[in-house]
Amino acid sequence: MTPLLVLAEDIGPKWLYWPWVQDHTEEIRQALVEHIQLTVLAVFFGLVIALPLALLSVRYRRLYGPVIAVTGVLYTIPSLALFALLLPLTGLTRTTALIPLTAYTLLILVRNIVTGLDGVPPDVQEAARAMGYSRSRQILRVDLPLALPAIIAGIRIATVTTIGLVAITALIGQGGLGALMYDGLQREFRTPLTVGIVLSLALAVVADLLLVFAQRLATPWARAGKRRTKQKPFPASWPPQHP
Amino acid sequence: MSFFGNVYDFLTSSDQWHGNESIPRLLGQHVQLTVVSVLAAAIVALPIGILLGHVRTGGAIAVNVANIGRALPAFALLILSVQWVGIGDPTGILTPVQSVPAFIAMFALAVPPMLANAYVGMANVDDEIRESARGMGMNARQMIWRVELPNAVPLVMAGIRTATVAVVATATLAALVDSGGFGRYIIDGIAVNDNAKVFAGGLLVALLAIAFELVLALVQWLVTSPGLRKEGPALAREAMVEQPAL
């Protein structure tokens, strides 16, 4: 008599059980999309908040200390704690995930934008003023473009950091690829774990490369002037990270 | 009863002051997890970073090794180390680390920033200062201790502070696997849908993280040579290498 039940192969400890991946492509795709959405939104809101803060800090130097202190304290608070503090207010929603993710980008972005703006050569600013640029036009057309390498370096750090942090939002029911990792941990089934980790690493690398490419496109003069000025590129941390 | 009333009741109830999951006990665990892993990582990372920075070679190697360690997000690192060593109470010489998988993850997170910052801090000391030291007849050991390290303090300390922030946060996450610490309240609170418990946990973790930062700011001020001090201890870091200089 043939056995009625053939015990399934023990697939839990396997690092990659390919049939599972094939059966769950849609779920994996959604997790990846969610991960990207959370990252893009957090960095976007971060920029929307950080840019005015940085401009104000450059204009009114006295503000810079307090701005860095406040964003520094936010940066110090562990992400899980911030999620916990928001949970009673906003529940298990995307908002609860986005507020801390955005908050963490602020220190990096503000500091890099200010560093970039401080690095604009004073004679270039004087030339702009002499040409009749108004203050706002000068910031928009002269200061910000020249600060772009430092700003994009900040965006790179913020983006890669955020990609790592999004995983933690799995604990509050969000999480993108982190939800796959968490699932793998809870079910002692390693395949989703591997998929989540590999994809989030790949996402970090691709996002970083895309931003480097964007910087090249946005600062054509940096390449043209390379032979004349032996200026080091603004160091961008890779891969940077936040708890 | 208002929500904050619930939080207050939670924090003041006797369960939170006696027994296995009392605030003092979890605080002790959280602090111990953090201090043990940061110290272990510092013992490994700081001498290597300082020596490489002193001889100004191998920087790319130091920084790249550090980078490989940094590529993995904390959450992934924690789960991976659970897969590697499993969950269980450590024994023998490992007892002080409380949770081996958490310790591995925290150690791996703490080494890179300390290594990279120590290297860059030492390598960036002004050449003229180094030459004056040599001109005064100092040997390598004297130069490191009396000239280079005092000048590298802001960056070395920035590395230690960044590492500590990362470790306090990961110690919170570690409650997910098997360790104690204030993360217990958050993870358990989420599991049973007890928002007051979750909030209280978040509050305690946030306060602890800020306390660590304040203590380290004070330490930085104390170890800074009086001639190089600015004002009082500063919460904001003057310098920080998020980035290895490549």
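Since this is a predicted model, take the numbers as computed values, not measurements. Every heavy atom of this structure was used, including side-chain atoms; hydrogens, water molecules and symmetry mates were not. Numbered from 1 within each chain, the chains take letters A, B, ... in sequence-line order.
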Inset, instruction - Could you tell me which portion of A:L193 (side chain, backbone, both or neither) has an atom closer than 4.5 angstrom to a non-hydrogen atom of chain B? - result: side chain
Legend entry - Contacts of A:L89 that satisfy side chain to side chain contact (heavy atoms under 4.5 Å, CB included) - sequence neighbours left out: A:L86
Legend entry - Whether over 12 other heavy atoms sit under 6.0 Å from A:E188 CD: no
Legend entry - Heavy atoms of other groups near A:W18 CH2, more than 12 under 6.0 Å: no
Legend entry - Region of A:T71 in contact with chain B, defined by heavy-atom distances below 4.5 Å: neither
Legend entry - CD on A:Q186 to CG on B:L176, rounded to 0.5 Å: 7.5 Å
Inset, instruction - For residues A:I77 and B:A209, report the shortest heavy-atom separation together with the two atoms involved. - result: CA-CB, 4.4 Å
Legend entry - Closest non-hydrogen atom pair, B:F199 against A:P88: CD1-CG, 3.7 Å
Inset, instruction - Select one option (side chain, backbone, both, neither) describing which atoms of A:F83 are under 4.5 Å from chain B's heavy atoms. - result: neither
Inset, instruction - Determine whether more than 12 heavy atoms belonging to other residues, nucleotides or ligands lie under 6.0 Å from atom CZ of A:R61. - result: yes
Inset, instruction - Quick one: which of B:V205, B:V7, B:T164, B:L204 has the most heavy-atom pairs under 4.5 Å with chain A, could you say? - result: B:V205
Legend entry - Listed partners of A:F44 passing ring-ring contact (aromatic ring centres under 6.0 Å, His included), at least two apart: none
Inset, instruction - Taking all heavy atoms of A:L185 and all of B:Q83, pick out the closest pair and write down the distance. - result: CD1-NE2, 4.1 Å
Legend entry - For the student: nearest non-hydrogen atoms of B:L203 and A:L85, plus distance: N-CD2, 3.5 Å
Legend entry - Residue B:I187 versus chain A: region with a heavy atom under 4.5 Å: side chain
Inset, instruction - Find the distance between CG (A:L87) and CG (B:D194) and round it off to the nearest 0.5 Å. - result: 11.0 Å
Legend entry - Atom group of A:I163 that falls short of 4.5 Å from chain B, counting heavy atoms: neither
Inset, instruction - Give, for atom OG1 of B:T172 and atom CG of A:L80, the distance between the pair rounded to the nearest 0.5 Å. - result: 6.0 Å
Inset, instruction - Compare every heavy atom of A:A81 with every heavy atom of B:I186, then report the nearest pair and how far apart it is. - result: CD1-CA, 4.1 Å
Legend entry - Minimum-distance pair of heavy atoms, taken over all atoms of B:L173 and A:L171: CD2-CD1, 3.7 Å
